[in-house]
Amino acid sequence: MSPSFLSRADLVRELLAPPVRNFLEIAPGVGDTEAAYHGDAANDSVLTHKLGVARELLLRDLQAQMCTGPVMHSPQALRDWLRLHCANLEHEVFLVLYLTAQHQLIEAVEMFQGTLTQTSVYPRELVKGAIARNACAVVIAHNHPSGHAEPSRADEVLTQTLKTALSLVDVRVLDHLIVAGDSVLSFAERGLI
């Protein structure tokens, strides 16, 4: 089962549980070395699962942090959440963070998926999503699987198009972030918004 479907308690239990091993062997404990998890495909699978569980816990904790106060007051939590969300993706995704009037997170939605180099984005869908959630502002983000965070001219045009479309329903675009590996580029910091 995917970690995203588990409760927080189940995730913690999964993370801390020793891996199931051959009944003749002693299962490694929480403090055991990484070597206890390697050596065969079954153990590699267990390690991969535990890393997925840990990632899910971190994503949820960072998202909860963004819900407690204005998202832009804790930009590091937002950047960390985006890095984790986009980690190891081999295709572009376009994310929208819908915000309240106080800029607290209502919901983060992966709106569109694309190819290695592009994603089709439909402004109408962002407007519909903002109205459905009664959002007053959004932060938009997408990843560059190439590892280069520099915005393309198409990224800049898209940002202006989305700003215009969302302004018609009184929704502000606070920032557009591009995630490329460990780098997160902010349009607002660059003066592009």
Side-chain angles (χ1 to χ4, degrees), residues 1-11 52 55-115 117-145 151-152 154-180 184-190 192-193:
M1 176 180 277
S2 170
S4 61
F5 296 112
L6 297 174
S7 70
R8 181 176 179 74
D10 288 338
L11 286 169
R55 178 181 176 270
E56 182 64 26
L57 280 167
L58 285 170
L59 281 168
R60 289 184 190 185
D61 285 351
L62 289 167
Q63 194 163 350
Q65 224 180 333
M66 293 187 294
C67 289
T68 60
V71 168
M72 301 317 275
H73 285 195
S74 58
Q76 193 58 46
L78 174 58
R79 288 170 186 260
D80 290 344
W81 184 85
L82 286 169
R83 279 189 206 99
L84 270 175
H85 184 86
C86 295
N88 299 322
L89 290 178
E90 295 178 355
H91 58 279
E92 279 197 15
V93 295
F94 189 87
L95 302 149
V96 182
L97 286 79
Y98 293 102
L99 309 174
T100 66
Q102 293 77 33
H103 300 161
Q104 292 174 301
L105 182 65
I106 297 170
E107 186 177 5
V109 179
E110 188 175 297
M111 292 286 292
F112 308 106
Q113 289 188 5
T115 64
T117 58
Q118 67 181 13
T119 302
S120 295
V121 176
Y122 303 97
R124 181 179 195 276
E125 296 303 314
L126 271 76
V127 171
K128 280 175 39 181
I131 291 170
R133 291 165 181 84
N134 202 26
C136 288
V138 297
V139 172
I140 55 178
H142 75 281
N143 66 319
H144 282 179
S152 66
D155 291 336
E156 293 177 22
V157 169
L158 173 63
T159 303
Q160 293 309 313
T161 301
L162 294 175
K163 274 183 65 175
T164 301
L166 288 162
S167 72
L168 294 173
V169 291
D170 294 322
V171 176
R172 287 186 50 215
V173 176
L174 299 182
D175 205 350
H176 183 168
L177 300 160
I178 298 177
V179 182
V184 180
L185 179 136
S186 164
F187 275 49
E189 289 174 3
R190 286 262 181 112
L192 298 173
I193 270 206

Can you name the closest pair of heavy atoms from [X] and [Y] and give their distance?
X      : Y      : answer
Tyr98  : Met111 : OH-SD, 3.8 Å
Thr161 : Pro123 : CG2-CG, 4.0 Å
Ala108 : Leu97  : CB-CG, 4.1 Å

Can you list, pair by pair, the side-chain donor-acceptor contacts under 3.5 Å of residues 130-145, counting residues two or more places apart and other chains?
{"residue": "Arg133", "atom": "NE", "partner": "Glu107", "partner atom": "OE1", "Å": "2.7"}
{"residue": "Arg133", "atom": "NH1", "partner": "Gly129", "partner atom": "O", "Å": "3.1"}
{"residue": "Arg133", "atom": "NH2", "partner": "Glu107", "partner atom": "OE1", "Å": "3.4"}
{"residue": "His142", "atom": "ND1", "partner": "His176", "partner atom": "NE2", "Å": "2.9"}
{"residue": "His142", "atom": "NE2", "partner": "His144", "partner atom": "NE2", "Å": "3.0"}
{"residue": "His142", "atom": "NE2", "partner": "Asp155", "partner atom": "OD1", "Å": "3.4"}
{"residue": "Asn143", "atom": "OD1", "partner": "Val93", "partner atom": "N", "Å": "2.6"}
{"residue": "Asn143", "atom": "ND2", "partner": "His91", "partner atom": "O", "Å": "3.1"}
{"residue": "His144", "atom": "ND1", "partner": "His148", "partner atom": "O", "Å": "2.8"}
{"residue": "His144", "atom": "NE2", "partner": "Asp155", "partner atom": "OD2", "Å": "3.3"}

Please identify each residue that fulfils side-chain contact (heavy atoms from CB on, under 4.5 Å) with Thr119, with sequence neighbours left out.
->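 Applying side-chain contact (heavy atoms from CB on, under 4.5 Å) to Thr119 gives Glu92, Phe94, Phe112, Val121.
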Can you name the residues that form a side-chain contact (heavy atoms from CB on, under 4.5 Å) with Thr100, not counting sequence neighbours?
->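 Once residues adjacent in sequence are excluded, the partners of Thr100 under the side-chain contact (heavy atoms from CB on, under 4.5 Å) criterion are Gln102, Gln104, Ile106.
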Is the number of heavy atoms from other residues, nucleotides or ligands within 6.0 Å of CZ (Arg172) greater than 12?
->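 12 or below, so no.
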Leu82 and side-chain contact (heavy atoms from CB on, under 4.5 Å): which partner among Asp80, Leu78, Leu84?
->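 Only one option passes, and that is Leu78.
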Ile178 and side-chain contact (heavy atoms from CB on, under 4.5 Å): which partner among Pro151, Ser186, Ser152?
->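 Looking at Pro151, Ser186, Ser152, the match for Ile178 under the side-chain contact (heavy atoms from CB on, under 4.5 Å) is Pro151.
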Side-chain heavy-atom pair [X], [Y] within 4.5 angstrom cut-off:
X      : Y      : result
Leu192 : Thr159 : no
Pro75  : Asp175 : no
Leu168 : Val127 : no

Arg83 side, atom CZ; Arg79 side, atom CZ - distance, nearest 0.5 Å |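 So the CZ of Arg83 and the CZ of Arg79 are separated by 7.0 Å.
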